[in-house]
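Excluded from the calculations below are hydrogen atoms, water molecules and symmetry mates; all remaining heavy atoms, backbone and side chain alike, are included. Residue numbers begin at 1 in each chain, while the letters A, B, ... track the order of the sequences.
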Protein chains: 2
Amino acid sequence: MTTRIQRRNRRKILDAALEVFSAQGFRGATLDQIAGVAGLSKPNLLYYFDSKEAMHRALLDELLDIWLAPLRAMNPEGDGRAEIMAYMRRKLQMSREYPRESRLFANEVLQGAPRLGDEISGDLKTLVDETAALIRRWIKAGQIARIDPYHLIFSIWALTQHYADFDAQIRMIRDGADPMDGAEPYLEELFDRLLKP
Amino acid sequence: MTTRIQRRNRRKILDAALEVFSAQGFRGATLDQIAGVAGLSKPNLLYYFDSKEAMHRALLDELLDIWLAPLRAMNPEGDGRAEIMAYMRRKLQMSREYPRESRLFANEVLQGAPRLGDEISGDLKTLVDETAALIRRWIKAGQIARIDPYHLIFSIWALTQHYADFDAQIRMIRDGADPMDGAEPYLEELFDRLLKP
DNA sequence: AGACACCTTGACTGGTTGGTCAGGTCTGCT
DNA sequence: AGCAGACCTGACCAACCAGTCAAGGTGTCT
């Protein structure tokens with residue numbers, strides 16, 4: 001049985017944890033910081049989660065589905081170019097709407113993904129392999145250019161997530177302007193040229 | 001006056017610090033770990049550097065020049081397309097040869113670049129602005145396509161550094177194979193298509 | 001209202017970590 | 001050899017941090 005209070009507080013804690021973990025990394029975050037952001041006491045955090053580690057795992061677990069949704073949303077029956085362009089657009093949208101989620105995963109992967117369970121990484125691999133096979137079929141059908149499917153996927157990740165993960169750097173260079181200004185037409189052009197058979 | 005021992009030990013410390021900071025981030029790294037890798041005692045580390053922070057600053061300072069060398073190496077007199085392709089190749093080469101440096105900067109920027117001095121970021125901005133102006137001239141001269149120079153630079157960074165920074169993820173997906181396998185021809189094709197007028 | 005489970009917290013603990021210091025050892029020079 | 005200064009370290013400290021606990025507060029159901 002989960003009560004109303006439980007739902008509300010677990011949500012507050014995970015929100016705060018996302019805020020702090022994404023900005024400081026796992027090791028850099030402290031329970032006191034998370035407690036402060038959540039507006040709860042530290043022992044209370046540990047009443048709802050067994051440990052800092054459990055909090056982090058719960059976050060990754062919950063967010064992975066959201067994070068991979070655009071990839072799952074690709075339609076094998078659709079037109080190759082249109083589907084890949086749409087995927088890229090959705091990923092860019094994710095960087096705009098969920099920059100903290102992007103940085104959370106970036107932090108985790110950057111440190112060698114020590115807290116991403118084998119199960120999780122297995123799911124990811126399966127999904128990517130399936131998508132790569134799908135892209136190969138689109139290539140065979142002559143819908144897109146003959147390019148490596150894996151590197152294509154990596155380049156979509158790299159280009160879209162860069163705007164969320166390296167926000168600070170882009171802001172410095174662009175005098176604080178919105179880092180994603182002009183990103184969409186640019187990536188549109190880039191992938192249009194790349195995919196054209 | 002700097003002695004031979006000073007040079008040798010400072011080098012050992014900075015090497016070890018790069019190893020540990022790049023893998024764990026600033027907050028995640030401990031002086032004990034660095035001391036262990038360097039083969040020196042912790043107090044000895046602090047004999048050569050005032051603090052953990054000073055160590056980190058010295059590293060960033062020393063490595064920024066190396067890191068930005070490819071950008072400085074662009075030749076304004078050269079052919080636009082050839083120069084940009086060469087820059088991309090050099091950056092990819094950096095990701096292959098200096099993945100730790102890449103991750104060090106990635107960690108720093110990801111956390112909002114709190115330890116990158118204004119001076120450093122100012123230098124970077126100036127250099128990027130100059131390069132952007134140069135790219136605009138190449139566009140005017142009809143040597144490359146009409147694309148946003150800043151986003152072009154960001155996309156070169158994103159695509160090349162991704163292979164170093166997200167190494168762990170790519171390895172998972174590609175079953176431990178060398179993440180950069182096939183990256184060069186892929187990026188060659190991508191930027192060739194992108195830059196063509 | 002009363003009972004009972006659920007929720008909350010101040011005070012604490014044990015371990016870690018950045019940094020200090022007094023005193024020791026080594027090196028290069030004369 | 002002997003000396004000065006550079007180099008090195010064990011022992012220590014204060015701050016920080018994840019996690020514990022006993023005690024009290026709160027919501028809910030009858």
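Interatomic distance, CH2 of A/Trp67 versus CE of A/Met94, reported as 5.0 Å (0.5 Å rounding). For the atom pair CG of B/Leu194 and CG of A/Leu190, the computed distance is 4.5 Å after rounding to the nearest 0.5 Å. Considering CZ of B/Arg100 and CZ of B/Phe105, their distance stands at 13.0 Å, rounded to 0.5 Å.
Residue A/Leu46 is classed as a base contact, given a heavy-atom separation below 4.0 Å to a base. Here A/Arg8 lies out of heavy-atom contact (under 4.0 Å) with every strand. Within 4.0 Å (heavy atoms only), A/Tyr48 reaches sugar-phosphate atoms of the nucleic acid but no base atom. Note on A/Ala29: only backbone sugar-phosphate atoms sit closer than 4.0 angstrom, heavy atoms only; bases stay farther off.
The separation between A/Ile13 atom CD1 and C/dT9 atom P is 11 Å, rounded to whole Å. Atom CG in B/Leu40 sits roughly 7 Å away from atom P in D/dC8 (whole-Å rounding). Rounding to whole angstrom units, CG of residue A/Asn44 and C1' of D/dT20 are separated by 14 Å.
Note that B/Arg10 lies in the cation-pi zone of B/Phe49, set by a 6.0 Å cut-off to the ring centre and a 45° limit from the axis.
Centroid-to-centroid, the aromatic rings of B/His151 and A/Tyr163 come within less than 6.0 Å.
Over its full length, the helix from C/dA1-D/dT30 to C/dT30-D/dA1 turns its helical axis through 10°, comparing axes from the five pairs at each end and rounding to 10°.
If you check the side chains of B/Gln111 and A/Asn107, you find a donor sitting under 3.5 Å from an acceptor.
The side chain of B/Thr3 sits closest to D/dA6 out of D/dA6, C/dT8, C/dC21. Here D/dA18 is the nucleotide among D/dA11, C/dG28, D/dA18 with the atom lying nearest to any side-chain atom of A/Lys52. Which of D/dT9, C/dT8, C/dC7 sits closest to the side chain of A/Gln6 comes down to C/dC7.
The 5' end of DNA chain C is approached more closely, in terms of each residue's nearest nucleotide, by A/Tyr47 than by the other of A/Pro43 and A/Tyr47. In this structure, B/Ile5 and B/Thr30 both approach DNA chain C, and ranking their closest nucleotides by distance from the 5' end singles out B/Thr30.
For B/Lys42 against C/dG18, a side-chain N or O and a base N or O form a donor-acceptor pair under 3.5 Å.
Using a cut-off of 4.0 Å between Lys/Arg side-chain N and Asp/Glu carboxylate O, B/Glu62 and B/Arg11 are scored as salt-bridged.
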